[in-house]
Structure formats: C-alpha cells, structure tokens
Amino acid sequence: MATIALPYGSTTIPLRIREGSNTKVYKPNRPSILQNPLEKTREVLRRPNGTKPLSMLLNEKKKEKILVVVNDETRPMPYDIFFPPLLEVFSQCGIPDSNITFLIATGLHKPHDEALNIKTFGAEMVERFQFISHDANDRDMLVNLGQLPGGIPLEINRLAVEADFVIALGIVAPHYFAGFSGGRKSILPGVAGHETIERNHAKLFDVVDDLPEIHQNPISQEMIWGARKVGVDFILNAVVTDNQEAVHIVGGDMESAWYEATEVSKSMYAVPFREFADLCIVSASGYPRDVNMYQSQKTLDHGDRVTRDGGHIIMLTESPKGFGEPVFEEWLSKGMSPQEIVDAIRKNFVMGGHKAYWFSRVVLRKKLTIISSLSEEDTHKLFASKADNVQALYDAFLDENPQANVAILPQGSITLPVYAGS
C-alpha cells in the first residue's frame with residue numbers, strides 16, 4: 001500500500017492509498033534541477049534575455065537610487081540564489097549599500113515587521129540594507145501616473161517611480177486569473193495603490209470561466225502596461241519546485257525574459273487529467289503557501305478544476321494566520337449565503353471580498369471539508385466542514401463509494417489540472 005506525504009505547514013501528513021481503488025495522484029512534472037543555480041544566475045545577469053548585461057545597464061544610468069523589488073513571505077523565493085550574484089554586480093559597478101533599497105511587494109497583504117524580514121530575507125541582508133514594506137493604503141507612499149488604457153488610475157509606490165534603476169525579483173508559477181506570477185506582478189499589484197489593484201483584479205470575472213492564453217490575458221496585459229509605465233529596467237525570475245529548488249532562471253527584459261519562464265512553468269505545472277474526480281484531496285503545499293486562507297484559495301481553485309460538480313473537496317492548509325485579510329473575513333462574517341456573496345461581489349467588486357466570492361463559487365457546486373488550524377466556527381464561515389483526519393475521510397468515502405474516482409494533489413497550490421478529454 002503506497003503512502004504519500006501531504007504538506008501541511010512545516011510538516012507533512014501521511015495518506016495511505018488504498019490498493020485497487022481508482023485513486024490518481026497528480027504532481028507537477030519534475031524537470032531537471034539546476035546543478036549550479038548560483039552560476040546560472042550569474043550567467044543570466046551577464047547574458048540576459050532582451051537587454052544588455054545588468055552591469056552595463058547600471059553603468060549607463062545614475063546609480064544613486066537603486067531599487068530592488070522583492071516578494072513578501074507568501075511567495076517562496078530562492079533568495080539564496082538571487083542575492084549573492086546580484087550584490088556582486090552592484091559591487092562591480094561601485095554602488096554602495098546606502099544607494100540600494102529593497103521594496104517588499106506586499107500588494108494588499110500585511111506589511112512585514114523586522115522579525116519577518118529577518119525570517120524571509122536573512123539577518124545579514126536586513127542588517128546591511130534598508131527593507132521597506134509597500135502599503136497600498138498609504139497615500140504618502142503613492143504617486144499618480146495617470147491612467148491605464150482601460151481608464152483605471154495608475155498609482156504606484158513613490159520609491160519605484162523615483163528610482164534611477166528598478167530590478168524586480170520573482171517566481172513564475174500558475175496564477176488563477178493573471179495566468180502566471182512573476183514579471184510585471186512585482187509592480188501591479190505588488191507596489192500599486194489599493195484602487196489600482198482592486199480595479200485591475202475586478203476584471204477576473206472576464207476570464208474566470210475560460211482563462212485566455214497568457215499573451216491574450218487582458219489582466220496580465222494591463223499589468224504589463226503599468227509596469228512599463230513605471231519603468232522596470234531588469235527582472236530576475238525563477239521557476240522553482242515546491243521545495244524551492246531552481247529549475248530555470250531568467251533575467252533581462254520584463255516581457256521577453258518572463259515569457260520565457262512562463263513556458264517552462266507551464267510545462268512543469270500544467271498536469272493533464274481525463275476523469276473528473278468524485279473526491280479531491282488537495283494540499284496547499286505547506287508553508288509559506290498555506291500561511292493563511294487568503295493564499296490557500298488558489299489551491300481550492302486547482303482542486304475545483306479536477307472535481308466534478310456535486311463532488312467533494314478536502315483541502316489541507318494549516319493557515320496559522322487565519323483568514324489573512326480583514327475584508328475577506330468581514331465578507332464571510334456577514335451571515336450571507338454563498339449565492340448572496342457571489343451576486344454581491346459580481347455587482348460591486350471589493351478586494352478581499354473576491355476571495356469570499358471564490359470560496360462561495362466553489363461550495364455552490366461542491367462539498368468542501370477543510371483540515372486547518374482554524375476553529376470550527378471560522379471554518380463554517382467558509383461554508384466548509386472542519387476535520388482533522390484525512391485518512392479517515394478518505395477511507396470512509398471509499399467504503400461508501402468503492403468505484404469512485406479520487407484525485408490527490410499533494411502540491412495543490414502549484415499543480416494546475418488541465419482537462420484533456422475522456
């Protein structure tokens with residue numbers, strides 16, 4: 001009897017697969033891991049995609065205000081691969097540490113405190129450089145750059161607008177409405193104002209039922225336009241495994257380098273399936289991807305894709321930080337039905353509320369059980385049942401439905417099920 005490990009926080013939960021059952025395990029395709037990722041990073045800084053070498057670009061510009069946009073704790077980044085080669089180039093170009101600022105692209109997430117900065121970026125980096133958390137609601141932090149093509153006001157963190165040179169770091173993985181993370185998302189939503197983020201994300205209803213190819217995705221295109229307006233000079237992005245092992249590293253132009261990474265990401269994370277599941281057991285991939293329910297919604301979306309209407313989804317997400325966003329929790333605490341939430345958010349889009357919309361959208365068609373650190377009361381706010389033993393749930397389901405199709409996604413946050421036909 002095979003046993004698989006389901007990531008949960010910083011540990012795993014074992015699940016024994018019943019012999020003879022119609023249980024399929026879906027995992028990302030595992031390509032070759034880079035044997036020397038540090039040297040690969042140095043190489044892409046010397047020979048980037050679509051731009052001159054980073055050192056040459058830096059030497060052609062003023063170097064008084066160098067800004068490096070980094071992710072917050074919710075994005076597992078290989079900083080140990082990114083930082084050393086990047087700092088080597090800064091040193092070669094004669095840029096002192098005092099001229100370099102790291103801006104944390106929190107989007108609408110909570111700002112970091114110093115302890116979280118140390119945990120995320122390392123004590124040596126935090127002691128050596130200035131790390132500033134973006135705050136989308138701090139008017140003093142924002143600069144108005146006019147409007148996006150669709151009429152949305154473009155407000156961006158002042159540090160990004162006023163920098164002499166902007167470098168954006170990121171990882172490229174599937175995203176439920178933007179197509180892929182990384183690249184332009186460091187700017188919009190990463191360091192954009194609240195209204196800019198909210199109105200851009202409101203367009204998710206245009207793509208929710210039929211996600212366009214990435215070059216045609218209107219939300220992504222708007223993000224690219226905004227990032228170009230700000231002026232991103234160079235990106236450094238990676239495709240990584242669930243254990244943060246680097247598979248591919250790109251550097252250079254914000255579009256051409258990033259599109260290169262999306263192709264690699266798609267080949268790795270898009271997993272075909274031919275039978276919809278009666279039961280789907282999906283893990284949010286452990287910390288930091290299961291840090292809260294706000295982030296775990298992406299996992300629910302992937303589980304939803306492979307589960308038939310009327311089926312059952314069991315999601316594992318430790319979520320030690322609860323819901324993770326006050327507006328999300330507020331919408332779930334209104335006492336509204338799932339249908340009422342869906343109708344209300346479609347009528348008047350609200351950031352945070354869109355996550356409540358997504359949970360509601362799923363439970364209107366499927367049963368949801370959650371294994372997490374949330375209380376039973378808070379779990380019920382998500383229109384879900386609380387459980388603590390995935391093995392017992394799995395065994396009981398097969399006892400009642402021995403011929404059922406079961407799908408298991410151990411790395412559910414980054415496994416993108418794609419229906420390939422029966």
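Computed from a prediction, not measured in an experiment: that's the story for all the values here.
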(request) Could you tell me how the ring of F83 sits relative to the ring of F121: parallel (under 30°), tilted (30 to 60°) or perpendicular (over 60°)? (result)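 If you compare the ring of F83 with that of F121, the planes turn out tilted.
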(message) For F131 and F102, take the angle between the two ring planes, folded into 0 to 90°, and tell me which bin it lands in: parallel under 30, tilted 30 to 60, perpendicular over 60.
(response)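 Plane angle under 30°, so parallel.
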Expected output: side-chain [X] to main-chain [Y] donor-acceptor under 3.5 Å:
X    : Y    : answer
T101 : Q130 : no
T3   : R16  : no
T241 : E245 : yes
T379 : S375 : yes
N99  : K63  : yes
K366 : T307 : yes

(request) Test T23 against every option in I281, L279, I17 by the side chain to side chain contact (heavy atoms under 4.5 Å, CB included) rule and name the one that passes. (result)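 By the side chain to side chain contact (heavy atoms under 4.5 Å, CB included) criterion, T23 pairs with just one of I281, L279, I17: I17.
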How far does [atom1] of [X] sit from [atom2] of [Y], to the nearest 0.5 angstrom?
X    : Y    : atom1 : atom2 : answer
E155 : L188 : CD    : CG    : 12.0 Å
K61  : I66  : NZ    : CD1   : 9.0 Å
S181 : Y176 : OG    : OH    : 12.5 Å
D80  : L38  : CG    : CG    : 7.0 Å
I414 : I171 : CD1   : CD1   : 8.5 Å
L86  : T41  : CG    : OG1   : 9.5 Å

Do NZ/NE/NH1/NH2 and the carboxylate oxygens of [X] and [Y] come within less than 4.0 Å?
X    : Y    : value
E39  : R42  : yes
D301 : K298 : no
K110 : E325 : no

Side chains of [Y] and [X]: any donor to acceptor distance under 3.5 Å?
X    : Y    : result
S256 : N49  : yes
Q244 : Y79  : no
H109 : Q295 : yes
Y269 : Q411 : no
Y8   : T317 : no
R184 : S220 : yes
T106 : H112 : no
E260 : H248 : yes

Would you say the side chain of [Y] lies within less than 4.5 Å of the side chain of [X], judging by non-hydrogen atoms?
X    : Y    : result
V390 : L316 : yes
E198 : V350 : yes
H134 : L103 : yes
T120 : I104 : no
M77  : L169 : yes
P37  : P78  : no

Ignoring hydrogens, what is the shortest heavy-atom contact between [X] and [Y]? Give both atom names and the distance.
X    : Y    : result
S373 : S319 : OG-O, 3.1 Å
V342 : R361 : CG2-N, 3.9 Å
A284 : R289 : O-CB, 3.3 Å
F177 : N217 : O-ND2, 2.9 Å
R365 : D309 : NH1-OD1, 3.2 Å
P272 : Y26  : O-CE2, 3.8 Å

(request) Please list, chain by chain and in numerical order, all residues satisfying side chain to side chain contact (heavy atoms under 4.5 Å, CB included) with D343, sequence neighbours excluded. (result)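 D343 satisfies side chain to side chain contact (heavy atoms under 4.5 Å, CB included) with Q339 only.
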(request) Using side chain to side chain contact (heavy atoms under 4.5 Å, CB included) as the criterion, list what pairs up with A270, not counting sequence neighbours. (result)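 Side chain to side chain contact (heavy atoms under 4.5 Å, CB included) list for A270, sorted by chain: K266, V418.
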(request) Take H354 and F349, measure what ring pair (Phe, Tyr, Trp, His ring centres under 6.0 Å) needs, and give me the verdict at the end. (result) CA-CA 7 Å; H354 75 296; F349 184 87; 5.7 Å; yes
Should the heavy atoms of other residues, nucleotides or ligands under 6.0 Å from [atom1] of [X] be counted, would the total exceed 12?
X    : atom1 : answer
E213 : CD    : yes
E162 : CD    : yes
D388 : CG    : no
K334 : NZ    : yes
K229 : NZ    : no
K27  : NZ    : no
K386 : NZ    : yes

(message) Between K52 and D233, is the salt bridge (Lys or Arg N to Asp or Glu O under 4.0 Å) condition met? List the steps.
(response) CA-CA 10 Å; K52 299 175 183 178; D233 297 280; over 6 Å; no
(request) Take H312 and T369, measure what side chain to side chain donor-acceptor pair (under 3.5 Å) needs, and give me the verdict at the end. (result) CA-CA 8 Å; H312 186 181; T369 299; 2.8 Å; yes
(request) Report the C-alpha distance between F359 and F383 in whole Å, list the side-chain angles of each, state the deciding distance to 0.1 Å, and finish with yes or no for ring pair (Phe, Tyr, Trp, His ring centres under 6.0 Å). (result) CA-CA 8 Å; F359 273 86; F383 311 109; 8.8 Å; no
(message) Tell me whether the NZ or CZ atom of K355 lies within the 45° cone about the ring axis of F328 and under 6.0 Å from its centre.
(response)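 No; the conditions do not both hold, so K355 does not lie above the ring face of F328.
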(message) Quick check: H215 with Y259 (ring centres under 6.0 Å apart)?
(response)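 Here the rings of H215 and Y259 have centres that are less than 6.0 Å from each other.
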(request) Determine the sole option in K185, R199, R228, K203 for which the salt bridge (charged side-chain N to carboxylate O under 4.0 Å, His left out) test with E222 is passed. (result)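 Looking at K185, R199, R228, K203, the match for E222 under the salt bridge (charged side-chain N to carboxylate O under 4.0 Å, His left out) is K203.
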(request) Determine, stepwise, if the pair E73 / Y287 fulfils side chain to side chain donor-acceptor pair (under 3.5 Å). (result) CA-CA 9 Å; E73 70 157 335; Y287 181 84; 2.7 Å; yes
(message) salt bridge (Lys or Arg N to Asp or Glu O under 4.0 Å) for K65 and D164? Distances and angles first, verdict last.
(response) CA-CA 5 Å; K65 296 180 180 179; D164 298 319; over 6 Å; no
(request) Quick one: list whatever passes ring pair (Phe, Tyr, Trp, His ring centres under 6.0 Å) with Y357, sequence neighbours left out. (result)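 Ring pair (Phe, Tyr, Trp, His ring centres under 6.0 Å) check on Y357 returns F205.
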